[in-house]
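Worksheet: the structure to be examined is printed underneath.
Quick caveat, the model's predicted, so the values are computed rather than measured.
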Amino acid sequence: MDRETIFNMSDQERIDYINGRLADGESYEAILESIGIEKKEAGQSAPYGLGLIKIGNEVRLKPGRGDNGFAW
């Protein structure tokens with residue numbers, strides 16, 4: 001998976017992909033590094049990032065995302 005592909009996926013596809021790799025025992029940081037994005041970028045709202053947050057051993061959409069992509 002590369003950076004461009006992950007940014008072109010839907011939110012649910014991203015979550016499923018990353019959670020699948022987390023379930024296989026990979027670390028969150030290693031997954032992001034293999035994709036080519038930084039942890040900060042993963043948490044930023046679209047269009048600058050993925051808008052994801054890691055809670056426990058799974059990834060979810062950041063709470064507070066509105067129609068304009070703003071995250072609290």
What residues form a side-chain contact (heavy atoms from CB on, under 4.5 Å) with D16, not counting sequence neighbours?
Q12

Using the side-chain contact (heavy atoms from CB on, under 4.5 Å) criterion, which residues pair with E33? Sequence neighbours excluded.
none

What distance do L50 atom CG and R3 atom CZ have between them, rounded to the nearest 0.5 Å?
8.5 Å

Using side chain to side chain contact (heavy atoms under 4.5 Å, CB included), reason through L22 and I31 one step at a time and then give a plain yes or no.
CA-CA 8 Å; L22 286 170; I31 295 168; 3.8 Å; yes

Check side-chain contact (heavy atoms from CB on, under 4.5 Å) between D24 and all other residues, then give those that pass, not counting sequence neighbours.
none

NZ (K39) and CD1 (I53) are apart, to the nearest 0.5 Å, by 9.5 Å

Evaluate the side chain to side chain contact (heavy atoms under 4.5 Å, CB included) criterion for residues I18 and Y28: first the C-alpha distance (whole Å), next the side-chain angles of each, then the deciding distance (0.1 Å), finally the verdict.
CA-CA 8 Å; I18 294 173; Y28 184 57; 4.2 Å; yes

Rounded to the nearest 0.5 Å, what's the gap from NZ on K62 to CG on D11? Could you check?
13.0 Å

Derivation of the side chain to side chain contact (heavy atoms under 4.5 Å, CB included) call for Y48 and E41
CA-CA 7 Å; Y48 307 107; E41 199 173 18; over 6 Å; no

CG on L32 to CG on L52, rounded to 0.5 Å
8.5 Å

By side-chain contact (heavy atoms from CB on, under 4.5 Å), S34 pairs with (sequence neighbours left out) R21

Looking at residues at least two apart in the chain, or sitting in another chain, which of them share a side-chain hydrogen bond (donor to acceptor under 3.5 Å, both in side chains) with E58?
R60

Roughly how far, to the nearest 0.5 Å, is the CD atom of Q44 from the CD atom of E38?
9.0 Å

Is there a donor-acceptor contact under 3.5 Å from the side chain of K40 to the main chain of A42?
no

With D2 via side-chain hydrogen bond (donor to acceptor under 3.5 Å, both in side chains) - residues at least two apart:
T5

If you look at every heavy atom in R14 and F7, which pair is closest and at what distance?
NH2-O, 3.0 Å

